[in-house]
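Here is the structure we will look at, set down as structure tokens.
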Amino acid sequence: MSTPLGLDPDALNACVACGLCLPHCPTYRVTGREVASPRGRIAAMRAVENDGAPIDDAFRRAMDECVECRGCEAACPSAVPFGRLMEETRAALGPDPSLTRRVASSIAFRLVLPRHGLLMAVTWLAWLGQRLRLVPKRLGLPALSARSLRRPLEVSVGGAPDAWLFTGCVMDAWLRDTHRAATRVMTAAGARVGRPGDGGDCCGALHLHAGRVREARSLARRVVASMPGSAPIVVDSAGCGAAMKEYGDLLDTPEAHSFSARVVDFAQWLAQRPPPRMRTTGRTVVIQDPCHLRHVQRAHTDVRLVLAPAFHIVETADEGLCCGAGGAYALTQPALSARILDRKVAALQAAAGRASDPILVASANPGCMLQLRRAGIDARHPADLLAEALE
Ligand code: SF4
Ligand code: SF4
């Protein structure tokens, strides 16, 4: 029998309402509202699924306010698959009731993100807008450079490399210098690096986040076909890596399962090899763990391992609480995102031992880097930091 949200009853009933996830939930931490906690959201899903509660504005709001950081999933002793429940709920809720948002997300998700040429054209327009001071800072776009946009990434397409570097959509358009840094470090570590052929433009992580599961599946199939063979697939964006490691579950084919098993985060890949020669920089770096690296991939310790020979590393005391970036969350929930970001900035500053001086932060996810930069933090990808330290 079909239910309003079509959720797996076993997954839904696995929650025993213990509340151990609550301190790990950024929206609960800043609002104190039960309905803005994982336990409250699961209770709301159950009420709709089992008790005939309406899918009203309050329900939609509770779901929309979730950052999908999956901090709750990592903390849950009952192994509730919260990420899957939330993705399926969002998919069942369907398009946003607001026409403006519907049109904007259709343009972004269906037209621009999967077509890299179009994304680059939009990026050039954004570059022009930045020159003319027409792009508001709150959009969080990085400072775009014509020199970087003009220069393609000097990595062979296809072939039989030792390791693939997944280039993706937004990362290749806005942060291509980080791909360059990752390539330099991988080459210094002795690998012949290749980049995906046609179809490797967008992994679908942002689509999944928005509940657009069908579109995410179609993009995932293209990505799987774009990097054949058995070489590892190195990903320098924690959000993309997390989605690609779950292609097996998303597509449920033998090819997708073996593809997912080849996906590694950049630092995870580097930590498994003899390290390239680096100088000690003497600089202090505060580590910010992107949620999709820490809670989903559970591969955050490798960032410390690879940075330690060149940097003095310090830790925050917030157990990896989210920074409020979450896909397009900073745009769709600006007020909550800003409150979550304030907490994160305070934790980073406390870790560095000072509240006002500029601090250097390592973050392995483009969304988090841009979110932290919005707050004036000098956030860099570990690959950028390592490339600077190469001898
Ligand atoms: S999701 Fe897990 S940790 Fe949170 S209340 Fe339910 S059982 Fe407890
Ligand atoms: S995914 Fe993150 S924001 Fe959503 S309920 Fe879980 S901890 Fe809270």
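Residue numbers count from 1 along this sequence. One-based numbering, in listed order, for ligands and for the atoms of each.
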* To do: Indicate yes or no for a side-chain donor-acceptor contact from Glu315 to the backbone of Ala351 under 3.5 Å, with no hydrogens or angles considered.
  => no

* At their closest point, which heavy atom of Ala310 faces which heavy atom of Met278, and how far apart are they? -> CB-SD, 4.3 Å

* To do: Could you tell me whether atom 4 (Fe) of ligand 2 has an N, O or S atom of Cys25 under 2.8 Å away?
  => no

* Side chain, backbone, both or neither: the part of Ser78 lying under 4.0 Å from ligand 1 by heavy atom -> side chain

* Can you sort out which atoms of ligand 2 are near Arg70, meaning under 4.0 Å from one of its heavy atoms? => 1 (S), 2 (Fe)

* **Contact atoms of ligand 2, heavy-atom distance to Glu68 under 4.0 Å** => 1 (S), 4 (Fe)

* At the 4.0 Å heavy-atom cut-off, does Ser37 count as touching ligand 1? -> no

* With a 4.5 Å limit on heavy-atom distance, are the side chains of Ile377 and Val286 in contact? -> no

* Short list, please: which atoms of ligand 1 are under 4.0 Å from a heavy atom of Pro77? -> 3 (S)

* To do: List every atom of ligand 2 that sits less than 4.0 Å from any heavy atom of Phe82, numbering the atoms from 1 in the order shown and giving each element.
  => 1 (S), 4 (Fe), 5 (S), 6 (Fe)

* **Structural part of Cys72 in contact with ligand 1, heavy atom criterion under 4.0 angstrom** => neither

* Heavy-atom side-chain contact between Arg90 and Glu68 under 4.5 Å -> yes

* For atom 5 (S) of ligand 2, what's the nearest protein heavy atom and its distance? -> Arg41 NH1, 3.1 Å

* Asked: Closest non-hydrogen protein atom to atom 3 (S) of ligand 2, residue and atom name please, with distance?
  -> Val67 N, 3.4 Å

* Is the distance from atom 2 (Fe) of ligand 2 to the nearest N/O/S atom of Cys69 under 2.8 Å? -> yes

* Structure fact -> With heavy atoms and a 4.0 Å threshold, my read on which part of Ile42 contacts ligand 1 is side chain

* With a 4.5 Å heavy-atom cut-off, do His295 and Glu73 have their side chains touching? -> no

* Asked: Can you tell me if an N/O/S atom from Cys15 lies under 2.8 Å from atom 8 (Fe) of ligand 1?
  -> no

* Is it true that the side chains of Thr89 and Arg60 contain a donor and an acceptor less than 3.5 Å apart? -> no

* Arg380/Asp378 ion pair, N-O < 4.0 Å -> yes

* Any chance the side chains of Ser363 and Asn365 put a donor and an acceptor closer than 3.5 Å? -> no

* Hey, does Gly19 sit under 4.0 Å from ligand 1 if you only count heavy atoms? -> yes

* Structure fact -> In ligand 1, the atoms that come under 4.0 Å of a heavy atom of Cys76 are 1 (S), 2 (Fe), 3 (S), 7 (S)

